[in-house]
Protein chains: 2
Amino acid sequence: MSEQDQSRKTPAEASLERNRWSRPPRVLIVEDERAIAELIRYNLNKNGYQCQVAEDGEEALLAVEELAPDLIILDWMLPEVSGIEVCRRLRARPQTRSVPIIMVTARSEEADMLRGFREGADDYMRKPFSLNELNARVDAALRRTRVTHQAHLLEVGDLVLDSEALTVSRAGKRLHLAPTEFRLLQALMLTPGRVLSRDSLLSQVWGLDSDVEARTVDVHVRRLRKALNGEGGLSMPDYIRTVRGVGYCIEAA
Amino acid sequence: MSEQDQSRKTPAEASLERNRWSRPPRVLIVEDERAIAELIRYNLNKNGYQCQVAEDGEEALLAVEELAPDLIILDWMLPEVSGIEVCRRLRARPQTRSVPIIMVTARSEEADMLRGFREGADDYMRKPFSLNELNARVDAALRRTRVTHQAHLLEVGDLVLDSEALTVSRAGKRLHLAPTEFRLLQALMLTPGRVLSRDSLLSQVWGLDSDVEARTVDVHVRRLRKALNGEGGLSMPDYIRTVRGVGYCIEAA
DNA sequence: CAGGGCTGTAACATACCTGTAACAAACCTT
DNA sequence: AAGGTTTGTTACAGGTATGTTACAGCCCTG
């Protein structure tokens, strides 16, 4: 269930949306009451998440290693190691420092909640809680990590363009592109498989009010190809397809 | 340290006293009820945040441009443009897509809350709410984006910046940086891998209302590189990447 | 008050990028 | 197969962005 954004999304963004999570997000539920754990698990499963349950703190810490979850739902009251202690330990490890943690607890004192946040929780919900609300908060937390980590990645084959770091790499190797080349590639990669006319590229890359000749696009495509495929031997496959009489298009061979 | 005179310490900045180098996080409060807005503002100020208030949706959208806030507290019910609409528009713009938004509203229906999350809110609080809780949630949201004054250790490669001790070291060896160089490095290291424009750096390092020329950034980058990589031979790899036509970015090679 | 460090600006040097023209090659039409 | 059209390729002149250096003013320290 690709959650909320049924409203405003260009097809390009929608395809991005799919690319970002090629796998279902993994959620670790740490909760000693079986019934509650199952309820949450059922609910999250229904929304496309892959869940695992841990019933005490020790188990939770182990499960984090194995599962490498994208998000953790953490009950405060647990046998063995308490939830708050689990939280603290996860925050102490660099590897798990940035995994979102939603604390869920029957403790209603404000002081407890503040403590939870202080120990590094990302969100805090009091029991009893609405499953819909939990869902919404899970979505929000994951959306956030998506936005900060990979929202700006465009991929075609072994080509990756990062529009935030403004970098392009092919097969893991960083490439150097001139500004115009970068924008041109970006325009192409926004709609992989779709043919873009020279005029369309001109307006996207050079701006709507540019007086640049259409042929200039060709020259830049040439430069871009050179940069992507390697100068001389063109040892790598060319992702940029020329569509005679129309324009260009990028696609994974 | 020209800091001392330029920072007229409101009593609220007491907690930041020892930390003159780190820029206080900027929070935009969007709330049409003056009394509530002031309450929130006072409370956040006390905790070392720099606040600005917008009283309606239009004003909010403008303020976002100017202030470039690190976090937004957004009331649902607003004159002109509603909070939910503001939220949607901010999420539609790439530049503001990742700014944390905490929705604060008197609407208690679950459906409203779900809608808030669906439009991209990061957190949702029902009025009336505890100021302590608001504080904790603001802290949590900013901790995630690492723009908080609490994350005082920044690392990139073998570079370590301690914004509390005000020290920088490379490969364990302590370096000497001038104040401006320090703040510049800090701004870069807050978002490693992300390209920062000269304008953005100017507002972060020199302040929003400075009339310093953009080229000045280049000169300081030069000085910073010298300090980081070693005066002459540049024996160490350069973590600062120049992005032609845009600005600079720090990354671990 | 003298000196040293820090800062912002100007000026120069350099590296890089860019659009166009001109020619070559490929393609399509007839 | 010829002729016209579209695209590939190359070279280049000019422009722009950045690197680098020098310097004058400022503030603080001693």
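Bear in mind the structure is a predicted one, so any value in this text is a computation, not a measurement. All chains are named by letter (A, B, ...) in the order of the sequence lines, taking the proteins before the strands, and each is independently numbered beginning at 1.
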Nearest-0.5 Å distance that lies between atom CG in B/L224 and atom CG in B/N229:
8.5 Å

Rounded to whole Å, please give me the gap between CG in A/L202 and C1' in C/dT18.
14 Å

Which residue lies toward the 5' end of DNA chain D, B/V246 or A/G247, if each is placed at its nearest nucleotide?
A/G247

Is it true that B/Y49 and B/N43 share a donor-acceptor pair across their side chains at a distance under 3.5 Å?
no

Cationic tip of B/R244 above A/F182 ring, under 6.0 Å, 45° of axis:
no

Rounded distance (Å) that lies between atom P of D/dT20 and atom CD1 of B/I240:
12 Å

Using C1' atoms of five pairs at each end, report the bend of the helix from C/dC1-D/dG30 to C/dT30-D/dA1 rounded to 10 degrees.
30°

In whole angstrom, what separates A/L177's CG from C/dT18's P?
10 Å

d(CG, A/D218; C1', C/dA26) in whole Å:
13 Å

In whole angstroms, the gap separating P of C/dG8 from CG of B/L184 amounts to 11 Å

How many angstroms lie between atom CD of B/E119 and atom CG of B/L74, to the nearest 0.5 angstrom?
11.5 Å

Considering just the side-chain nitrogens and oxygens of A/Y248, establish if one lies under 4.0 Å of OP1 or OP2 belonging to D/dT6.
no

Have B/R198 and B/S203 got a donor and an acceptor in their side chains that come within less than 3.5 Å?
no

Pick base, sugar-phosphate or nothing for B/T242, based on heavy-atom distances below 4.0 Å to the nucleic acid.
sugar-phosphate

Distance below 4.0 Å between A/H176 side-chain N/O and C/dC17 OP1 or OP2:
yes

More 5' along DNA chain C: A/V219 or B/V219, using each one's nearest nucleotide?
B/V219

Please state whether the phosphate of D/dT7, meaning OP1 or OP2, lies under 4.0 angstrom from any side-chain nitrogen or oxygen of A/R198.
yes

Can you tell me if B/W206 touches the phosphate of C/dT7, counting only side-chain N or O atoms and a distance under 4.0 Å to OP1 or OP2?
no

Of the listed nucleotides (C/dT18, D/dT7, C/dA11), which one gets closest to any side-chain atom of A/R215?
D/dT7

Does B/R170 count as lying over the ring of B/Y239, i.e. NZ or CZ under 6.0 Å from the six-ring centre, within 45 degrees of the axis?
yes

Considering only D/dT7, C/dT20, C/dA10, which nucleotide approaches the side chain of A/E213 most closely?
C/dT20

If you check the B/R244 side chain, which of C/dA10, D/dG15, D/dG19 turns out closest?
D/dG15

What nucleic acid atoms does A/F182 come within less than 4.0 Å of, heavy atoms only: base, sugar-phosphate, or nothing?
nothing

Whole angstrom value for the distance that separates C1' of D/dT9 from CZ of A/R225:
12 Å

A/R241 CZ to D/dT6 P, straight-line distance once rounded to whole Å
19 Å

If you check the B/P179 side chain, which of C/dT18, C/dC6, D/dG19 turns out closest?
C/dC6

Would you indicate what B/V221 reaches in the nucleic acid, counting non-hydrogen atoms under 4.0 angstrom: base, sugar-phosphate, or nothing?
nothing

Between the side chains of B/T242 and B/R225, does any donor sit under 3.5 Å from an acceptor?
yes

Name the nucleic acid region contacted by B/V243, choosing base, sugar-phosphate or nothing; use a 4.0 angstrom heavy-atom cut-off, strictly under.
sugar-phosphate

Taking atom P of D/dT20 as reference, at what distance in whole Å does atom NE2 of B/H220 sit?
16 Å

Given side chains that start at C-beta, do those of B/L71 and B/V138 come closer than 4.5 Å, heavy atoms only?
yes

If you check every side-chain atom of A/R223, which of C/dA22, C/dG19, D/dG19 has the closest atom?
C/dG19

